[in-house]
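Below: the structure, in structure tokens.
Model, not experiment: these values are computed from the prediction.
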Amino acid sequence: MMLTCKTISENEEILEFSKQYHLVSGHGIEADELKRRTCVDAFFDSNGRMCAGYTVNCEHPLVYLSDLPQHIRVHDLYDSGDDIVEGGSIWVEDTLSDFERGYVFIYASWRAFSMKKRYFMGGARNPKVAQRQKFIFRNILFEGRSDKFEYLCVLYCGRKYILLQISLFILRYWIIQPVKKWLTGLKSMTASLTSRF
């Protein structure tokens, strides 16, 4: 199945994005908040069903910077707001293949890269998600309890590092995962054949 990506702005599609994001992530995001983002992109399967999405944001107030506790707001990055692009609200249905998942992550990263900002910022309100993001983002701006959330992790990297992120997604979703599945299948087939003798 090949996914198609579309920047959405119609109220019905924004509401569907919000609903799907909540189902996949467990976190809510209001339609009005989504409408304030620079772009909201959704992926559709061959039947026209929304199955993944993400947002990219350069609009002020930046979401992750406004979520930071007061004592962090003295960081140099906080004064670089006009040179930051945020990637967020990414969700992918479990039914998508590794190739399709990789496609979504690569597309989202490329979209952030194309904004031509000096820094790329991401965040998580879930420690498990933050662990995965730490593999992708080089720097942690803040991790811990904030004024708004029990747990918040805000990460960032330089624009050029996005290209490395894309390479990591290609490696993981388009090379390593398929090879692992092939080897697992080969191992099962070998075990099945040897059990006959």
For [X] and [Y], which heavy atoms make the closest approach, and how far apart are they?
X    : Y    : answer
D41  : F17  : O-CE1, 3.5 Å
A130 : A124 : N-CB, 3.8 Å
I136 : Y161 : O-CE2, 2.7 Å
Y156 : I140 : CE2-C, 4.5 Å
P69  : D147 : CA-OD2, 3.8 Å
I166 : W110 : CD1-CE3, 3.8 Å

Please determine if [X] and [Y] form a salt bridge, counting it only when a charged side-chain N lies under 4.0 Å from a carboxylate O.
X   : Y   : value
K6  : E13 : yes
E59 : R37 : no
R49 : E93 : yes

Worksheet item: How would you list, by chain and number, every residue that makes a ring-ring contact (aromatic ring centres under 6.0 Å, His included) with F43, sequence neighbours excluded?
Response: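 Partners of F43 by the ring-ring contact (aromatic ring centres under 6.0 Å, His included) criterion, ordered by chain and then number, come out as Y103, Y107.
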Worksheet entry | Non-neighbouring partners of F169 that pass ring-ring contact (aromatic ring centres under 6.0 Å, His included), sequence neighbours left out |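 Residues passing ring-ring contact (aromatic ring centres under 6.0 Å, His included) with F169: F105.
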Could you state the interatomic distance from [atom1] ([X]) to [atom2] ([Y]), rounded to the nearest 0.5 Å?
X    : Y    : atom1 : atom2 : result
I162 : L168 : CD1   : CG    : 12.5 Å
L15  : E30  : CG    : CD    : 9.5 Å
N11  : D32  : CG    : CG    : 8.5 Å
L163 : F113 : CG    : CZ    : 4.0 Å
S114 : R159 : OG    : CZ    : 8.0 Å
L3   : R101 : CG    : CZ    : 11.0 Å

Side-chain heavy atoms of [X] within contact of [Y], under 4.5 Å:
X    : Y    : value
K187 : T190 : no
E150 : R145 : yes
V129 : Q133 : yes
R111 : T7   : yes
H22  : K19  : no
I106 : Q165 : no

Cluster link [X] to [Y], ILVMFWY, side chain under 4.5 Å:
X   : Y    : answer
W91 : Y54  : no
V56 : Y21  : no
L68 : F149 : yes
L34 : L23  : no
L96 : V24  : no

Worksheet item: Does the pair D45 and T4 meet the rule for a side chain to side chain contact (heavy atoms under 4.5 Å, CB included), with working shown?
Response: CA-CA 7 Å; D45 65 17; T4 55; over 6 Å; no
Mark yes or no for whether [X], through its side chain, and [Y], through its backbone, hold a donor-acceptor pair below 3.5 Å.
X    : Y   : answer
E86  : Y64 : yes
S80  : D83 : no
S18  : I29 : yes
T38  : C58 : yes
R118 : I84 : no
W174 : F99 : yes

Polar contact flag, side-chain donor to acceptor under 3.5 angstrom, [X]-[Y]:
X    : Y    : value
Q131 : K128 : no
Y173 : D98  : no
R125 : S146 : no
Y151 : E143 : yes
H27  : N126 : no

Fill in: Residue pair T95, E100: steps toward the side chain to side chain contact (heavy atoms under 4.5 Å, CB included) verdict
CA-CA 10 Å; T95 58; E100 292 163 332; over 6 Å; no
Discussion item. Could you go through E16 and I8, starting from their C-alpha distance and side-chain angles, then the distance that decides it, and tell me whether this counts as side chain to side chain contact (heavy atoms under 4.5 Å, CB included)?
Written reply: CA-CA 10 Å; E16 180 66 17; I8 61 173; over 6 Å; no
Worksheet item: Taking atom NZ of K180 as the centre, does the number of heavy atoms from other residues, nucleotides or ligands within less than 6.0 Å exceed 12?
Response: no
Discussion item. Which residue is it: N57, L155, V85, L65? I am looking for the one with a side chain to side chain contact (heavy atoms under 4.5 Å, CB included) to M121.
Written reply: L65
